[in-house]
Amino acid sequence: MSKDKVIAIDGPSGSGKSTVAKELAKALGLLYIDTGAMFRSMAYMADKKGIPMTSGSEMNSFLETLNMEYGVSSDCLIRIDGEDLTQKIREHHVSKLASIISQIPEVRTYLLDFQRNLAKEVLCVMEGRDIGTVVFPNAFCKLFITASVETRAQRRLDQLKSNGDQNVTLEQVIKDVQKRDESDINREVAPLKQAEDATYLDTTDLTLPEIIEQLSQYVRDRAKDAGISL
Ligand code: DC
């Protein structure tokens, strides 16, 4: 069976996987797909519309009429019902809501279809929690990226501060990261888990150029094995 033309990158929040996925896509000239942004956007919009964050008829009607667009332009990553959510979804409170909405099976089914459709035509780097296990179990290349909790929390804090959120402390972010990990790992549907055939990478002590250099070669080798031209 031929492999899906997807580089699947999974890992916990703050592991550096988004930066790695983005840079790797750039280095290889591939489309970058951030699935966390989809859960975040859905959470933002459901909250704005007052939809309860549980399975049920209100969530179903919300999903039936939802118009999500990904990769609209170079400055607009994601839009729902015409509203550009690129910046709004990075706020601290949206992270919590995204973790809650990501546990609803109907939401995951909606995004599973959406993600598979997006990757139908083009070679891409897709990052999330369940890409190598559920969305593209037949991907030609799978990576599982992580880092220590302290490193991940510090990275998240730096990101929040650069987005103007000055009131958050490191202790608070460490607690949030641990809580989010626990719910991502233990949820019933599509939990965060390393695929058996994924390569594990701990980024705690590595620099970004080192990681990208190693991974670019690794991906080229996997593509060659799978008969895929990059
Ligand atoms: O990667 P992120 O922090 O932007 O993800 C936001 C939330 O969405 C996080 O709680 C995990 C969830 N998520 C998921 O369940 N499955 C994915 N493929 C991507 C993200």
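Reckoned from all heavy atoms, side chains included, excluding hydrogens, waters and symmetry mates. In each ligand, atom 1 is the first atom listed, and ligand 1 is the first ligand listed.
Under the side chain to side chain donor-acceptor pair (under 3.5 Å) criterion, Asp34 pairs with Arg90, not counting sequence neighbours.
Under a hydrophobic clustering in which Ile, Leu, Val, Met, Phe, Trp and Tyr are joined whenever their side-chain heavy atoms come within less than 4.5 Å, directly or via other members, Phe136 and Phe144 fall into different clusters.
The shortest heavy-atom contact between Ile33 and Cys124 is CD1-SG, 3.9 Å.
The side-chain tip of Arg40 does not point at the ring of Tyr44 from less than 6.0 angstrom away and within 45° of straight on.
At most 12 heavy atoms of other shown residues, nucleotides or ligands fall within 6.0 angstrom of atom NZ in Lys193.
Below 3.5 Å of separation, one finds no N or O of Ser95 facing any N or O of ligand 1. For the pair Arg156 and ligand 1, the shortest N or O to N or O distance falls below 3.5 Å. Polar contact with ligand 1: absent for Gln115 (N/O pair, distance under 3.5 Å). Looking at Arg187 next to ligand 1, an N or O pair under 3.5 Å apart turns up.
Ranking the protein heavy atoms by distance from atom 4 (O) of ligand 1 puts Arg40 NE, 2.6 Å first.
No part of Lys179 comes within 4.0 Å of ligand 1, judged by heavy-atom distances. Within the 4.0 Å heavy-atom criterion, both parts of Ser99, backbone and side chain, lie near ligand 1.
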